[in-house]
Every structure is written in structure tokens, then in C-alpha cells.
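Each chain gets a letter, A, B and so on, in the order its sequence line appears, and its residues count up from 1. Side chains are part of it too, since the values below use all heavy atoms of this structure and drop only hydrogens, waters and symmetry mates.
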Amino acid sequence: MSELHATPIEQLRLDNVHAFYGESHILHGIDMKVNRGELVTLLGRNGAGRSTILKSIMGMVGRRTGSIMVNGRETTRLPAFRIPRLGAGYCPEERGIFASLDVEENLLLPPTVRSGGMSLDEIYAMFPNLYERRRSQGTRLSGGEQQMLAMGRILRTGANLLLLDEITEGLAPVIVQKLAEVLVKLKERGLTIILVEQNFRFAAPLADRHYLIEHGRIAEEISAAELPGKMDLLHRQLGV
Amino acid sequence: MTLFDIPTAALLGQLMLGLINGAFYALLSLGLAIIFGLLKVINFAHGAQYMLGAFVALLLSRHFGIDYWAALILVPVLVGLSGCLLERFLLRPIANQNHLYSLLLTFGLALIMQNLFTNLYGSSGNAYPTPEVFRGAVNLGFMHLPLYRAWVIVAALAVCLAAWFVIEKTRLGAYLRAGTENPQLMQGFGINIPFLITLTYGFGAALAAFAGVLAAPLYSVSPTMGANLLIVVFAVVVIGGMGSIVGAVVTGLAMGLIEGLTKVIYPQAATTVIFAVMVMVLLLKPNGLFGKGA
Ligand SMILES: Nc1ncnc2c1ncn2[C@@H]1O[C@H](COP(=O)(O)OP(=O)(O)OP(=O)(O)O)[C@@H](O)[C@H]1O
Ligand SMILES: [Mg+2]
């Protein structure tokens, strides 16, 4: 029953998803399918609705309609706290490190949702900085360390669908490089990753597919193979 | 021996009494701070829940012969459960409204409870027997400390310490702290925040009821006992900083001591000194002594 050789397993599927914050209608019919082990990016300008797609999956928007299947389960009618238990791990744009917890408490905070997560030792081996600073207050870390903490935190839980929102934002090139290596390792472990990115040079070599988001809609779906031919379009749309 | 012309014995005696009051302030403001932290509800029913604790202990002893020790466990559980129900069915439906609604709701409930008990049992106080083992006093040299009062200090401090331990050193406490900071993200990790909120409110109410049972043999059990105390406790919470657990306990004890001290130095000011401190703190450090940034 090796998952690697089986036909693709549908890890996430969005059908005609609309999302609202109060009265504002942000997503207008998103359709999306991500198979197990894929790394997919959501590209787009500021305010296009990329974060809102991740938040819709996590049940963190005001209201959402349509269908969102996580690991084969319909989630639009589930309370938000049930969705991570289906295997979704979320790393928010603002990182969400807790000031009242030290680094290790932050790491240990999210409950295990599935077996097969990384151990604390493995996470410390991946991010040695976190080990050195494990007794520091979470928000005393540098931006890069906080990002590692926000990532490491969801690796422990066994989540197999990672939703990562702008993890490279504002970080030094060495740390961005480090995060790229981490993503490659996570992919090797068979995790499914959805990456919201501004840094196209970071995302391009890692991704299997890209979705270009515009005004709450999917404007274009581009596979890694099609990418070279679509660079002009992306330059125009993203200004990269 | 005297200090500023004040007999040391009198001073120490008043400080000891102040510490007992402070123990109650600490227990009550601890509950208020925990509730406020996670729910952002200013629980005006806290005084009524304290009163309820004392009354339920009294009624259990009168009608069912349930003694003090059993009441000390049973009553907080009962009042805590009633708190859970209150949160689940009255506070949760208005959780997304302006915080003023929950304040008014709990205030209204407090008035209802207070008047209900006044109607049923009259407004005069009722005596609750001091448990057998605590009849008598211990001679501390500077004063005879009734044993029961000594027990109140020990019990209140032990409960505060236990609560501190749970909140600061356990996983449940980490959930509570993190949930206080960012409940939405905690749900994004799979934590059932609505349930945690219900438990937290119940726990806060149970703390108030525990204080009420402790108070029953000490003060007379009356429908207004909580209302009078709550005003001071709110001042304590404002001084300590809303939502700060350690701040609530330390400030509670400190304010009791300051009150005791004032009773010796300038007795006329004893009932207002806490409010004077509150005004000063609000002017100098509006978030309270232990409060975090704006
Ligand atoms: N909590 C909210 N309430 C109301 N509107 C919101 C809220 N969050 C986002 N929006 C609006 O939704 C739209 C999409 O926002 P979103 O955060 O998804 O954009 P994004 O693509 O992630 O862009 P970026 O993160 O680069 O700003 C924006 O117009 C934004 O103003
Ligand atoms: Mg965003």
C-alpha cells in the first residue's frame, strides 16, 4: 500500500469556493485540486486573495460557501478546530508566535493530529537556532527564527497538508536559502505543500504547479513545465 | 517597641488581618483575570458567585448536613458547573457582540441572584459554624491568630499557587495563555476554543465559590457579601492589570497588606486607600502594574 506508487491521492479539493469577511466578498469561485506530495504555489499581487484562500481552507474567514475537501472530508460545515485534525497545518502570514510562551512551549503547543510527525529532536536538528533559544520568549526571536518556529511548530503535529503563507517575507537570503532546503526535505517526506509567495525566484524551482490569483479568482494555472513559456505573463501580472 | 509611635504588635496584627483580606482579593481577582484574559468578559457576576459559594455551603450544611470539608470541594464544583452552563447558554450567544453586552448580562445576573437570595433568606447575615479543628487560636507573640484565619491564608495561597502552576507550567495552561493571545490561531491548531472558554469561565466561577466557602465561617453569609467585596476586587484587578494572572495574585495580597497598614496609620482612610492607589496607578501606568503594553 505504498502511497508513492499508488495513483495520485487527492489531498485537497476546492469547488466553487466563495469567501466573505463580513459584507466583503473576497473569493469568487475558486476551483483547485492538489494531490498528495505536490508543492503548489499561490501567486498574485497584494490583496489578490491568496491568504484568504488559505484561511478559507482553515475555516478562518467570516463565511465560506462551495466545497472544501481536506483529505477526503468536506470541511465547509465543520467548526474551525476540527479542520487541523484532518491533517492541515497552517503557518500564518503574521507567523503567530505566542509571546506568553517560550520557544519550546510554542513548538509543543499544537496537538498531534496524525502519526508520522517529526520529533522535537528532528525539528531541533533541522533548526539548530531554535534549540539554542528554546527557553527564550517566543517573540524575542529574530524574524527568521520566528519563521522557523512557526514552521517547526506544525511539522511536529503530523499534518500532511501544509499551508504556508509568505514564509520568506522580510528574511535575509541565507535564511530564505535554508527554508528552501527545508521545503525540499519536506517534499521528500511526501508532504503536500501550498505556498503563498511573493518571492517568485524562491518558489519557482520548488513548485510542481502555480496558481495565479487575481481579484479572488484563479486567473491561470501553470505547471512547472509550462513555466518558461509563461514568464512574460507572470512578469506582467506580478511585476517580478 | 514602637515604630512611628505605633505599637509593633498592633501593626503586625493589622498586617495579618490585611493578609487575610488580601487572600480573598487574590482568589477573586485571579478568577476575574483568567476569565477576562480568554473571554474578554468583565465578569460582574463574580461577587454573586462568591456569595453563591457561601450560601450553597450554608444551605448544604443546614438541609443535608454536609460539612465544611465536603463543601469546600463540592460547592466549587457545583458553582463551577453553573458557570459552565451560564457561559454556554448566555454568554456564548453574545460573544461576538460589543463587550458591553456581556458586562451588562453578568451585572444583571448578579442583581437577580442577590435579590433572589434576599427574598428567600432575608438581608441579614447567617452564621456558618467554624469547623471543629479550627476552633481556637495560635499565639504568634504579637497577636492571637484564630486558627481558622490562619487556615484561610494557607488555603487561599495554596489554591493561588496551584492555579499559577497549572497556568504557567502545564499544557492546559499553555493552551489558556496562547488562547488568550490568539484564539483563532489556536483553533487553527485544532484546539477546541469554545470548550476551553466554557471550562475557563467555569473555573473562574469555581474559584469565586471556593473563596465564598472559605469566607462563610469568617464573615456572616449574606446576599450582599459579594457585591461589597467585588468593588474592591475590581480596583485590585485594575491596579494589577487586566488579564495578568501573577499580577492579580500579587496585587491582591499587596492591597490587603496596604489596607491593614492604613488601618494602623490612618484608620479613616482604610476603606479608600485601595481606590487611591488605583487612581495613582491609572494615572502613571494605565495598563496596571503587571499589564502588558497598550
Ligand atoms: N479580516 C478582513 N476583513 C476584511 N477584509 C479583509 C480581511 N482580510 C483581508 N481582507 C481583504 O481581502 C482581500 C484579499 O486579502 P488577502 O489577505 O487574501 O490578500 P493576499 O493575496 O494575501 O495579499 P497580501 O498578503 O500580499 O496583502 C484584500 O482586499 C483585503 O483587503
Ligand atoms: Mg497575504
Side-chain angles (χ1 to χ4, degrees), chain A residues 21-22 51 54-63 70 75 78-114 117 137-139 149-150 153-159 161-165, chain B residues 30 33-34 36-40 88 92-93 95-98 163-200 240-249 287-288 290-294:
Chain A
Y21 293 113
S51 298
L54 299 191
K55 286 187 184 168
S56 300
I57 297 167
M58 297 307 294
M60 291 177 168
V61 290
R63 193 160 69 81
V70 175
T75 65
L78 289 183
F81 65 84
R82 296 233 177 267
I83 295 166
R85 300 181 188 177
L86 302 175
Y90 174 56
C91 185
E93 191 168 6
E94 66 285 355
R95 296 181 185 134
I97 302 304
F98 293 99
S100 54
L101 273 59
D102 69 21
V103 168
E104 191 155 296
E105 281 178 317
N106 264 287
L107 267 179
L108 294 175
L109 186 71
T112 304
V113 293
R114 295 180 152 241
Q137 186 189 344
T139 46
L149 181 53
R153 191 164 61 175
I154 51 174
L155 298 180
R156 229 196 78 258
T157 65
L161 171 66
L162 305 186
L163 311 176
L164 310 178
D165 200 343
Chain B
L30 173 66
I34 294 173
F36 180 79
L38 189 63
L39 284 77
K40 306 293 178 273
R88 177 64 187 81
R92 191 184 294 181
N96 294 323
Q97 309 283 335
N98 189 309
W164 173 84
F165 181 84
V166 169
I167 292 165
E168 292 299 327
K169 300 291 167 200
T170 68
R171 176 153 267 257
L172 186 66
Y175 288 172
L176 183 74
R177 277 176 286 146
T180 296
E181 272 189 62
N182 190 344
Q184 199 190 35
L185 183 56
M186 286 299 279
Q187 304 223 73
F189 291 150
I191 310 289
N192 188 341
I193 288 290
F195 184 60
L196 188 66
I197 283 179
T198 304
L199 280 187
T200 301
M242 267 293 187
S244 161
I245 310 293
V246 178
V249 173
N287 290 313
F290 295 81
K292 295 167 196 105

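- Here the straight-line distance linking atom CD of B/Gln184 with atom CE of A/Met58 works out to 9.5 Å at 0.5 Å rounding.
- The two residues A/Phe98 and B/Ala178 come nearest to each other via the heavy atoms CE2-O, 3.2 Å.
- Of the two parts of A/Leu54, neither the backbone nor the side chain holds a non-hydrogen atom closer than 4.5 Å to a non-hydrogen atom of chain B.
- For A/Ala99, the parts lying near chain B are the backbone and the side chain together; criterion is any non-hydrogen pair under 4.5 Å.
- Within a 6.0 Å sphere centred on CG of B/Asn98, heavy atoms belonging to other residues, nucleotides or ligands number more than 12.
- B/Arg171 touches chain A through its side chain: at least one heavy atom from C-beta onward sits under 4.5 Å away, while N, CA, C and O do not.
- Within residues 86-95 of chain A, the residues approaching chain B closer than 4.5 Å by heavy atoms are, in numerical order, A/Tyr90, A/Pro92.
- The minimum heavy-atom distance between B/Leu185 and A/Gly96, with the atom names listed, is CD2-O, 3.4 Å.
- Sparse packing is recorded around NZ of B/Lys169, with 12 or fewer heavy atoms of other residues, nucleotides or ligands lying under 6.0 Å away.
- Within 6.0 Å of CZ on B/Phe195 lie no more than 12 heavy atoms contributed by other residues, nucleotides or ligands.
- Residues A/Ile83 and B/Gln187 fail the side-chain proximity criterion, which asks for heavy atoms closer than 4.5 Å.
- Highest contact tally toward chain B, considering only A/Arg85, A/Glu105, A/Met60, is held by A/Met60 [criterion: heavy-atom pairs under 4.5 Å].
- Note on B/Gly188, B/Ala174, B/Gly173, B/Gly190: by heavy-atom pairs under 4.5 Å with chain A, the leading option is B/Gly190.
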